[in-house]
Amino acid sequence: MSNRNGWLRGTTIRKGGTSFNSNHTRHTTPQIQSTSSTIFGGGVKDPSGRTSEYFSMDDQCPVCKSDRYLNPKLRLLVSACYHKMCESCIDRLFTLGPAPCPVCAKTLRKLAFTPQTFEDLGVEKEVAVRRRLAKNFNKRREDFPDLRSYNDYLEDVEDIAFHLINDIDVPETEARIAKYKIENANLIELNVQREEQYAQYLKEQEEIDRLDREQRAAELRRLEEEEREEREKGRRELIDKLETSDKDALKLVARSKAQALKRASTRSASSSASNVFQSNAKLLRSRAAQSTVIPDVPHVPLQDDWYAYEDKFALRDNYDDPVSEAVRRDREGIMRAGGYRVEEAWQRALTFAVAGLDLRPLGSAVPSKSTEPADVVMAEA
Amino acid sequence: MDAVEKANAATQKKWAKDAKIGEGMYAVVYKGREVAAGRPVAIKKIKVGQFKDGLDMSAIREVKYLRELKHPNIIELLDVFSSKTNLNLVLEFLDTDLELVIRDRSLVFLPADIKAWIAMTFRGLEFCHRNWILHRDLKPNNLLISADGQLKLADFGLARDFADPGYKMTCQVITRWYRPPELFFGCRYYSTAVDIWSVGCIFAELMLRTPYLPGESDLDQLKTTFRALGTPTEEEWPGHTKLPDYISVGQFPRTPLRDLFTAATADCLNLLSKCFTYDPKKRISAKDALNHPYFFALPYPSHPSKLPKPAKKSSPLEEMDGNVDLSGPGPTVKANPPNKLKRKLSSGEGDTRSIARKLDFTQKSPE
């Protein structure tokens with residue numbers, strides 16, 4: 001209606017989903033956002049004129065399958081054909097101009113993507129359709145001679161909305177809208193003005209209300225302040241009295257203590273957030289109970305004697321190895337800063353050489369192939 | 001030739017293909033079973049047609065290395081056969097992966113659970129390294145978990161064996177968030193230490209329940225890393241400023257790990273800091289890590305059968321990874337072009353080809 005300024009501001013707030021990141025405001029890609037909301041009016045504005053954007057931890061882009069875990073900044077926008085995709089897919093597909101929608105192949109352009117407000121895209125579409133219709137079909141009861149014709153008119157509007165929402169006879173319906181627009185151009189304009197006036201009136205009313213509320217709040221604050229000062233004064237007097245005469249000293253102290261206790265008890269009642277911890281503790285206890293059934297076994301670092309043959313050779317400090325000359329001569333350490341060790345290549349060669357020594361040579365009396373250790377296969381390769 | 005075809009047909013008959021459970025850039029995964037025993041398996045069908053120069057590089061790597069590795073903490077390749085023009089890998093069927101476990105907010109991890117997962121990771125990795133194989137794509141998504149709780153390394157599409165001196169290796173490997181700084185500096189000669197850094201990142205992710213170093217670009221990754229762990233000095237990491245792509249991203253002070261991992265034990269942080277040692281030569285090896293006091297201290301690592309698992313409703317995940325999409329012109333030794341390996345694509349610059357980077361397990365069409 002009259003929230004045009006809000007539109008242009010294009011600010012968004014998050015809603016839905018879990019609390020994670022919920023107070024996170026978006027600064028990136030303002031380009032898509034502002035243009036799309038000004039041209040297309042995408043998203044739905046709340047009374048303060050901001051677009052609240054649907055957001056959930058389970059969001060996943062249907063096109064690239066990227067989701068919020070992989071890309072915390074994931075933002076899904078809705079195309080003119082009501083298919084969701086993420087910003088990076090939109091950039092990728094539509095930067096070079098209009099391109100077909102990857103889902104339904106309808107030609108889309110980058111600017112026509114809008115933020116999503118509702119979880120259900122059907123609702124999203126219905127809201128958009130109805131918002132569009134409300135702009136033109138704005139006749140009121142006063143514009144009709146009797147209730148019957150007004151009801152017929154409302155029925156017609158519902159009919160059109162239904163057709164648009166469900167994509168039935170779209171060209172025909174569009175023609176109907178266009179016809180209505182031409183026929184009722186004057187009345188529409190008049191009603192728009194009337195509505196603006198009404199909105200203006202509402203705004204003024206709101207402003208008056210607000211001032212009134214503020215005044216009352218200020219009054220209340222002033223009263224409280226006075227009361228507090230009075231109490232302070234009373235206490236000071238009490239102390240003065242205690243100083244000058246020790247008549248009711250014990251009684252006075254007891255009374256002040258009782259008051260302090262009362263205040264403390266009201267405070268403690270408000271906090272009761274210990275439930276979560278309790279349930280967690282219960283869960284852990286159930287896990288602990290389970291652990292007695294199958295005992296955990298101590299860690300055994302290596303479960304075989306793979307390294308037993310390491311004593312079959314002794315690695316020397318250096319070998320006459322022309323292949324590794326470059327690495328060994330590399331004084332700057334460029335080849336070694338990445339963790340490369342020539343020694344490992346030598347060790348590998350020697351391991352392969354000795355690892356098969358204990359095995360019987362392959363001959364006609366080959367045992368079954370599966371019992372061969374994997375390293376023999378490696379050594380042959 | 002006929003004998004080969006016959007053998008292939010015989011192998012093919014041993015396995016039955018059921019429903020499709022996932023699709024990636026270069027492979028489709030089906031749930032299947034062994035005809036004789038009824039044991040469930042995963043059948044990964046490599047799409048050959050689109051690579052005009054032959055088989056996809058990562059498929060070759062996968063077959064080459066998985067054929068050789070047999071270990072309780074490494075996914076088992078049961079068989080390989082071809083059907084029409086496709087190559088089919090028959091793999092062990094595994095229920096879920098560590099990423100799904102981390103992401104399931106309803107699960108509570110005990111310190112013993114984390115210890116068990118990390119111990120199993122190191123055990124599988126140690127087996128790769130002792131066989132001179134670098135995995136080069138460790139991340140929670142590639143650590144699969146079997147029905148009985150065993151964690152298994154999977155996706156050997158980027159693995160390679162240890163380089164002979166003089167052979168350069170590509171530095172465009174490992175998903176960005178798990179990639180060590182030496183690879184960002186363009187180091188072409190590296191070693192097993194690259195995998196250890198990835199395990200460190202996974203270790204931290206298990207404790208934090210969110211990725212530890214989520215850089216948004218390669219440069220931002222370095223900044224994120226240094227912000228978290230301090231900028232390395234020349235004493236800490238000799239020679240790193242001379243690396244080919246060295247670039248200075250600013251000085252950040254070292255903050256103690258204790259500040260972030262408040263609940264961790266001293267042993268735990270000691271192991272973590274050894275995984276995050278900047279000098280790859282001083283970074284702990286998988287074998288030494290397995291002998292680290294952290295694993296011997298109480299509590300003992302949880303028995304695999306007791307480890308938390310996501311609720312059954314989530315569709316089973318397969319040995320599969322859609323990220324390793326080789327969309328370059330055929331297989332090249334240089335592995336993947338930059339930008340191809342990111343687990344996420346935040347800003348969308350560059351990438352124009354791959355649309356489905358991640359497997360969509362929601363659409364379960366029957367075969």
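Shortest non-hydrogen contact noted between A:Ala337 and B:Pro238 is CB-O, 3.8 Å. For the pair A:Gly339 and B:Pro280, the tightest heavy-atom approach, listed with the atom from each and the gap, is CA-CB, 3.5 Å. Taking all atoms of both residues into account, the shortest heavy-atom contact from B:Thr210 to A:Tyr69 is CA-OH, 4.4 Å.
Aromatic ring orientation, A:Phe352 versus B:Trp132: perpendicular (interplanar angle above 60°, classes split at 30° and 60°).
If you measure heavy-atom distances from B:Leu107 to chain A, you find no contacts under 4.5 Å at all.
A:Glu344 contributes atom CD, which lies 4.0 Å from atom OG of B:Ser191 (distance to the nearest 0.5 angstrom). Rounding to the nearest 0.5 angstrom, the gap separating the CZ atom in B:Phe127 from the CG atom in A:Leu302 is 11.5 Å. Rounding to the nearest 0.5 angstrom, the gap separating the CZ atom in B:Phe162 from the OH atom in A:Tyr340 is 5.0 Å.
Exactly one residue among B:Ser302, B:Pro301, B:Pro299 makes a side chain to side chain contact (heavy atoms under 4.5 Å, CB included) with A:Asp296. That residue is B:Ser302.
Within 6.0 Å of the CD atom in B:Glu236, the count of heavy atoms belonging to other residues, nucleotides or ligands exceeds 12. Shown here is A:Arg109, whose CZ atom has no more than 12 heavy atoms of other residues, nucleotides or ligands within 6.0 Å.
Contact count versus chain A (heavy atoms, under 4.5 Å) is highest, among B:Arg123, B:Glu182, B:Lys115, for B:Arg123.
The backbone N or O of B:Arg130 lies less than 3.5 Å from no partner atom in the side chain of A:Arg348, so there is not a single donor-acceptor pair.
By the 4.5 Å heavy-atom criterion applied to side chains, A:Pro298 and B:Phe295 are not counted as neighbours.
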Next on the checklist: Would A:Asn71 and B:Glu216 count as a side chain to side chain contact (heavy atoms under 4.5 Å, CB included) here? Give the steps.
Outcome noted: CA-CA 9 Å; A:Asn71 176 11; B:Glu216 283 175 19; over 6 Å; no
Next on the checklist: Could you walk me through whether A:Asp67 and B:Arg103 satisfy the side chain to side chain contact (heavy atoms under 4.5 Å, CB included) test, starting with their C-alpha distance in whole Å, then the side-chain angles of each, then the deciding distance to 0.1 Å, before giving a yes or no?
Outcome noted: CA-CA 12 Å; A:Asp67 59 18; B:Arg103 290 169 65 164; 2.7 Å; yes
